[in-house]
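The structure appears right after this line, and notes come after that.
These numbers were taken from a predicted model, which means no experiment stands behind them.
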Amino acid sequence: METRARPSYVRNSLASAVFAMVGLWAGIAAAATEGGQPLQLDILINGDKTGLLGSFLQLPDGNIAARRSELIGAGVKIPGAGQPDDIVVLKDLLGDKFKYDEPSQSISFELTDNQRVARTFDAMAPAPQVPVSTSWGSFLNYTLFGSEASGLDPRKATFSGASASLEARAVTPYGALSQTGILGTTTTRDMTMLRLETSFSYSHPESLVTYRAGDSISGGLAWTRSIRFGGVQAQRNFGLRSDLVTAPLPSFSGSAAVPSTLDVYLNNSKTYTQEVPPGPFQVNNLPLIAGGEARLVLRDATGREVETTLPFYTSAQLLREDLTYFSVETGFPRIHYGTESDDYVAREFASMSVRHGMYDWLTLEGHGEEVAGMYNGGAGIVARTGEFGILSAATSGSWYQGQAGLQTYLSFETKIMGVSFSASSTRTFMGYNDVASVTAPVISALSATNIPVSTGSSPSKAVDRVTAGFRLPDYSSLGLSFVHLVPASEAASNLLSAAWSRAAFAQSHVFVTAFADVTIRQNYGIF
């Protein structure tokens, strides 16, 4: 007759075996260190005093041992994984590359850079964090504007109108209530009031999340379109931490034979200085924004210099490793903003956008939205291409009223010889839709042949952009751009634009912007 062990008996037997193995291992470890003599020794590495005093153990057989955490703290690299309290025998780890000097009560190690733990330094000085406080209060911001016009006869001036843009906010320990609007009058209308936004928001500094109810703008990515809506929203708000740098910053690693000084130069200006001890080191979060080349100079006490040129590129498009941005919202899309106070589409929508820093060089993106039976979702990446630029790519699809659609997005940005350059291309195929196109009102417009047509806010078939920006010798800035646009139901256009700016006296700036459509020659302007 066949018999089977009861489950409880099997579990108890397995548990007993596990405890027996743990006890055996502990007994072996205790036997290995039993009777050992504790030592407090000065630590030297490659003949240099580290200024550290370490706890070691002289075993009965004469071997010297130490805890794993003690050796790592002294700068000795321990291969593999283990617990901080694991006992490591130095002879098994280093062979004869150490020496115990009993008269001086010291121990010296002869190590290569690969056998040493690199000293790390953070170039970003910790910014003082202002403690969060809550209280009661209120304020009113206002902008007043009035105009009048005159014809050929300056004695006959005509009043054109006046307006006041207002923002009122009440602050409480439980959140902030905000209201914006415009009061105005013209020659044809009496005083009118236009409501812009009404919202109540609460921010949680510990989780870096802002919750909002009322009027808001949906979160989005470089390859999605945001809308105004009335509803509720939860959004990661990095602005709640003034000391938090979300973009990954470059790092530099090297090795110093003797105590040295590291100087970092950007555009021939010293931006960082650090004293480094002998051995391998790594400086993280170098304060270098934008792209280009950094010059790093390692200088020892004798004045000998070792210079390294480090190409780098950083961008706000990348998130630091393990940082996550998200925006989740639901409500009713708003239309005719700025002309109507309360005009919402009776179609509830929901959307979510996510960005996650997988590594310092790779950020993953995702987006999804739904409204009135329309479903849209996509994914993308933002990756650093070595140290010379940022490449972004994304694809998304939609399904609405039995019709599928596809959108692709590709972008690259870099900085070469002081010139910032970027190029992007967005393409839509078949019947691609999103929340903006489904909920936007139909607008009456004129086609290229001056025939009235009805067009919605469908995504453009193609949007190609190329931009370049650089600084001129007189310290002014010049930006150039070209945009190729193919709307969903209109003729294509090709726009050239230029923007020039320069600092002037008394902290003022001068801006000049000009554009021209090379396809439709009568479309041009300057500001």
task = Can you tell me which residue pairs pass the salt bridge (Lys or Arg N to Asp or Glu O under 4.0 Å) test with a partner in residues 214-224, sequence neighbours excluded?
result = R195-D215, D215-R334

note = The complete set of salt bridge (Lys or Arg N to Asp or Glu O under 4.0 Å) pairs with one or both residues in residues 98-107, sequence neighbours excluded, reads none

message = Among residues at least two apart in sequence or on other chains, which ones pass side chain to side chain contact (heavy atoms under 4.5 Å, CB included) with Y202?
response = H204, Y211

inquiry  = Taking the side chain as everything from C-beta on, heavy atoms only, tell me whether D434 gets closer than 4.5 Å to P459.
reply    = yes

ask   = Can you check whether S106 reaches L44 side chain to side chain, under 4.5 Å on heavy atoms?
value = yes

inquiry  = For R295, I'd like to know if atom CZ has over 12 heavy atoms of other residues, nucleotides or ligands within 6.0 Å.
reply    = yes

ask   = Is the shortest heavy-atom distance from the side chain of S398 to the side chain of Y375 under 4.5 Å?
value = no

message = If the condition is ring-ring contact (aromatic ring centres under 6.0 Å, His included), which residues does F281 pass it with, not counting sequence neighbours?
response = none

ask   = Could you walk me through whether R355 and L221 pass the side chain to side chain contact (heavy atoms under 4.5 Å, CB included) check?
value = CA-CA 9 Å; R355 304 183 73 239; L221 307 172; 3.5 Å; yes

request  = Please check if the side chain of Q407 supplies one atom and the backbone of T224 the other of a donor-acceptor pair under 3.5 Å.
outcome  = no

task = Name all pairs fulfilling the salt bridge (Lys or Arg N to Asp or Glu O under 4.0 Å) condition that reach into residues 462-476, sequence neighbours left out, sorted by first residue then second.
result = R427-D464, D474-R502

query = Is a side-chain N or O of D360 found less than 3.5 angstrom from the main chain of E321, in a donor-acceptor match?
reply = yes

ask   = Which heavy-atom pair separates S178 from E167 by the least distance, and what is that distance?
value = OG-OE2, 4.2 Å

message = For a 4.5 angstrom cut-off between non-hydrogen side-chain atoms, does S260 reach R299?
response = no

inquiry  = Using only atom types and a distance under 3.5 Å, with no angle test, would you say the side chain of H356 pairs donor to acceptor with the backbone of Y325?
reply    = no

Any donor-acceptor pair under 3.5 Å from E369 side chain to N376 backbone = no

ask   = Any salt bridge (Lys or Arg N to Asp or Glu O under 4.0 Å) pairs touching residues 52-80, not counting sequence neighbours?
value = R67-D85

